[in-house]
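Values below: every heavy atom of this structure, side chains too, minus hydrogens, waters and symmetry copies.
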Amino acid sequence: MTSLSRTSPISFGAISGQQKAKLIWQRIFSTGRMAHAYLFRGPDGVGKQLCAKIVAARLHCLQPKGDGGCGTCTSCRKYASNNHPDITIINPEGGTIKIDRVRELCRSLDYPPYESEIRVIVIEDVHTM
């Protein structure tokens with residue numbers, strides 16, 4: 001996985017290969033037509049997690065580039081430091097995603113986003129719920 005610094009662009013250039021996925025996301029970004037949820041699937045190591053995080057950064061960026069965030073706005077800096085209030089990343093703990101974590105997530109979704117128009121939730125290894 002590529003580490004993202006606070007000043008480097010957060011874009012699909014960080015992912016090698018995956019041309020079809022990049023083309024699909026470029027089309028989605030250019031039309032502005034988003035579904036309410038997306039599933040990133042495939043074998044380990046192809047960049048699913050990084051792609052989902054880049055999409056989250058792009059959706060919240062104040063000055064988005066064609067294929068990602070600018071990397072310099074306040075939203076991108078918060079994303080890069082894992083402190084963006086409207087981007088939640090849920091990881092399995094001890095091999096599973098606990099029911100209490102899911103309940104906490106459901107309660108938090110009752111409230112509107114803090115800074116952005118939308119909230120992004122990335123659930124890693126969703127099959128471990």
Side-chain angles (χ1 to χ4, degrees):
M1 178 183 294
T2 306
S3 65
L4 303 171
S5 72
R6 292 183 181 182
T7 57
S8 65
I10 302 168
S11 70
F12 286 110
I15 299 175
S16 58
Q18 302 299 332
Q19 300 301 35
K20 184 176 179 182
K22 290 178 188 180
L23 181 63
I24 290 169
W25 280 107
Q26 287 173 350
R27 192 174 314 135
I28 290 169
F29 292 145
S30 68
T31 63
R33 297 179 63 190
M34 297 275 309
H36 76 282
Y38 289 93
L39 176 65
F40 295 82
R41 62 181 213 104
D44 288 342
V46 296
K48 301 178 300 286
Q49 182 184 100
L50 182 57
C51 183
K53 291 178 180 179
I54 290 170
V55 168
R58 167 64 168 74
L59 291 173
H60 289 94
C61 181
L62 301 176
Q63 304 164 356
K65 306 294 183 195
D67 67 344
C70 69
T72 57
C73 70
T74 57
S75 182
C76 285
R77 289 195 312 266
K78 287 179 184 179
Y79 163 79
S81 65
N82 294 319
N83 288 316
H84 198 293
D86 296 323
I87 299 174
T88 303
I89 300 173
I90 297 180
N91 301 309
E93 298 172 17
T96 63
I97 298 174
K98 309 285 190 224
I99 188 68
D100 289 338
R101 182 65 178 111
V102 175
R103 288 179 179 141
E104 176 186 330
L105 173 64
C106 290
R107 281 190 300 271
S108 73
L109 293 175
D110 287 339
Y111 300 101
Y114 293 103
E115 296 179 1
S116 305
E117 293 181 17
I118 61 169
R119 179 178 289 151
V120 174
I121 311 297
V122 177
I123 303 175
E124 298 178 4
D125 297 327
V126 71
H127 63 279
T128 63
M129 280 188 179

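For the pair Lys53/Ile89, a side-chain contact is recorded, criterion being any heavy-atom separation below 4.5 Å from C-beta on. A 4.5 Å side-chain heavy-atom check between Ile99 and Met129 finds every atom pair outside the cut-off. Side-chain contact between Cys70 and Cys76 is present, with heavy atoms from C-beta onward closer than 4.5 Å. Two residues are said to be in side-chain contact when any heavy atoms from C-beta on lie closer than 4.5 Å; Lys20 and Leu23 fail this criterion. Between Cys51 and Gln18 there is no side-chain heavy-atom pair separated by less than 4.5 Å.
The nearest pair of heavy atoms linking Leu109 to Arg119 is CA-NH1, 3.4 Å. The nearest pair of heavy atoms linking Ile97 to Pro92 is CG1-CA, 3.8 Å. Closest approach of Asp86 to Ser116, counting heavy atoms only: OD2-N, 2.8 Å. Nearest approach of Ala57 to Ile87, heavy atoms of both residues: N-CD1, 4.4 Å.
Salt-bridge formation is detected for the pair Asp100/Arg103: a Lys NZ or Arg NE/NH1/NH2 atom is positioned less than 4.0 Å from an Asp or Glu carboxylate oxygen. Taking 4.0 Å as the cut-off between side-chain N and carboxylate O, Glu104 and Arg107 do not count as a salt-bridged pair. Of the charged side-chain nitrogens involved, at least one lies within less than 4.0 Å of a carboxylate oxygen, so that Lys78 and Glu115 count as a salt-bridged pair.
From Asn83, atom CG reaches atom OG1 of Thr74 across 12.5 Å, with rounding to the nearest 0.5 Å. Going from atom CD1 of Ile24 over to atom OH of Tyr38 covers 10.0 Å, rounded to the nearest 0.5 Å. Going from atom CD of Glu124 over to atom CD of Gln49 covers 3.5 Å, rounded to the nearest 0.5 Å. Separation of atoms OG1 (Thr88) and CG (Asn82) is listed at 11.5 Å; rounding is to 0.5 Å. With values rounded to the nearest 0.5 angstrom, Ile90 atom CD1 is found 4.0 Å from Arg101 atom CZ. Of the inter-residue distances, the one linking Asp125 atom CG with Lys48 atom NZ reads 8.0 Å to the nearest 0.5 angstrom.
Note: the hydrophobic cluster containing Phe29 also contains Leu50 (ILVMFWY, side chain heavy atoms under 4.5 Å, direct or indirect links). A continuous path of Ile, Leu, Val, Met, Phe, Trp and Tyr side chains, each step under 4.5 Å between heavy atoms, connects Met34 with Val122, placing both in one hydrophobic cluster. Taking hydrophobic clusters as Ile, Leu, Val, Met, Phe, Trp and Tyr residues chained together by side-chain heavy-atom distances below 4.5 Å, Ile28 does not share a cluster with Ile121.
Between Phe40 and Trp25, the ring-plane angle classifies as parallel under the 30° and 60° cut-offs.
For CG of Asp110, the number of neighbouring non-hydrogen atoms (other residues, nucleotides, ligands) closer than 6.0 Å is greater than 12.
Side chain of Tyr79 to backbone of His60: no donor-acceptor contact under 3.5 angstrom is found. Remark: the backbone N or O of Gly69 is not paired with any side-chain donor or acceptor of Arg58 at under 3.5 angstrom.
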